[in-house]
Amino acid sequence: KVGWYNAVLQPAFHLPYPDDTLAFVVLSTPSMFDKALKPFVNKERLKIIRDPVDQCVSHHFSRVKEKFPDQKVDIIFDYEILPSRKPRFLAQTAAHVAGAAYYYQRKDVKLDPWGKKKIYGVCIHPKYGGWFAIRGLLLFPDVQVPFLEQSAPVDCVSTEEKRIELLEQFNFHWQDGRYRDIIEVKERYSEEQKAYFATPPAERFKLLGLTQEAQ
């Protein structure tokens, strides 16, 4: 429910819907690369592709919207920002309140070792660890769900030591991706997918077999 999200944030970040409005947080799993992105790129090969992942996600969100012709469906993507430069929604907070993934933050560590350093939080999924992404929100403004019960996210990094290790790795060594394996995972990105996301955006087209013209 939108109200769960608004309840934990300052008014500046609130979503402008009644508290009982139904919303879905959409995640992409490791298999998205092979099952969605590559087929999308092959199909759209002759059209202009600016950002393959964003356009692929947008395509699939639109397909979901088409399934509800009689409903108003609002879509917010994870990368959208307001004129104030604030994000349109805080993806990790949304995932946490929806019970999708646990958002580990500095406040989850009792004996804080970081002093004045800025420490960013990170979501961990009980099945995929850090090998997933939050892609957006699907909101149904005309669907009110007063009786929907909130499910807590799975606290899969439950020890103080592991939480410190997770936040250390995410904040100071995120490039090596070790934080993603803070727990035993069921599935992770393929080597091809890792290479894709490790490549600067402008050079990713070559990896997908797209020409300069397709850009």
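Just so you know, these numbers come straight off a predicted model, no measurement behind them.
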| Are Leu139 and Phe77 connected, step by step, through hydrophobic side chains (Ile, Leu, Val, Met, Phe, Trp, Tyr) whose heavy atoms are closer than 4.5 Å? | yes

| query | For the residue pair Gln55 and Arg50, what are the closest heavy atoms and their distance? | reply | OE1-N, 2.6 Å

| message | To check you understand the geometry: which heavy-atom pair defines the closest contact between Tyr5 and Leu9, and what is its length? | response | CZ-CD1, 3.3 Å

| SB check Lys162 Glu165 (cutoff 4.0 Å) | yes

| said: Are there over 12 heavy-atom neighbours, none belonging to Gln10, within less than 6.0 Å of that residue's CD? | reply: no

| Salt-bridged, Glu191 to Lys194, with N to O below 4.0 Å? | yes

| field | SB check Asp20 Lys1 (cutoff 4.0 Å) | value | yes

| query | Same hydrophobic cluster for Tyr79 and Leu82, using side-chain heavy-atom links shorter than 4.5 Å among ILVMFWY? | reply | no

| Short side-chain to backbone donor-acceptor contact, Tyr179 and Asn171, under 3.5 Å | no

| remark: Taken in chain and number order and not counting sequence neighbours, the residues that satisfy side-chain contact (heavy atoms from CB on, under 4.5 Å) with Lys186 are Lys127

| Which of these, Asp74, Val2, Leu15, Ile75, sits in a side chain to side chain contact (heavy atoms under 4.5 Å, CB included) with Leu137? | Leu15

| query | Which distance, rounded to the nearest 0.5 Å, do you find between the NZ of Lys86 and the CD1 of Ile81? | reply | 12.0 Å

| task | Following the transitive rule for hydrophobic clusters with a side-chain heavy-atom cut-off under 4.5 Å over Ile, Leu, Val, Met, Phe, Trp and Tyr, establish whether Ile76 and Phe13 coincide in one cluster. | result | yes

| request: For Ile134 and Ala95, work out which heavy atoms get closest and say how close. | output: CD1-CB, 3.8 Å

| query | Do the side chain of Gln71 and the main chain of Asp142 share a donor and acceptor less than 3.5 angstrom apart? | reply | no

| Just wondering, do Gln105 and His96 contact through their side chains at under 4.5 Å, heavy atoms? | no

| note | For Gly121 and Phe170, the nearest pair of non-hydrogen atoms, with its separation, is O-CE2, 3.4 Å

| task | Considering only NZ, NE, NH1 and NH2 on the basic side and carboxylate oxygens on the acidic side, decide whether Glu44 and Lys47 come within less than 4.0 Å. | result | yes

| Say you draw a straight line from CZ of Arg135 to CZ of Phe61; how long is it, rounded to the nearest 0.5 Å? | 9.0 Å

| field | Non-hydrogen atoms of Leu27 and Ala100 that approach each other most closely | value | CD1-CB, 4.1 Å

| task | Give the cluster check for Tyr128 versus Tyr103: same hydrophobic cluster or not, with ILVMFWY residues linked at side-chain heavy-atom distances below 4.5 Å. | result | no

| field | Distance-minimising heavy-atom pair for Trp114 and Ile164 | value | CZ2-O, 3.9 Å

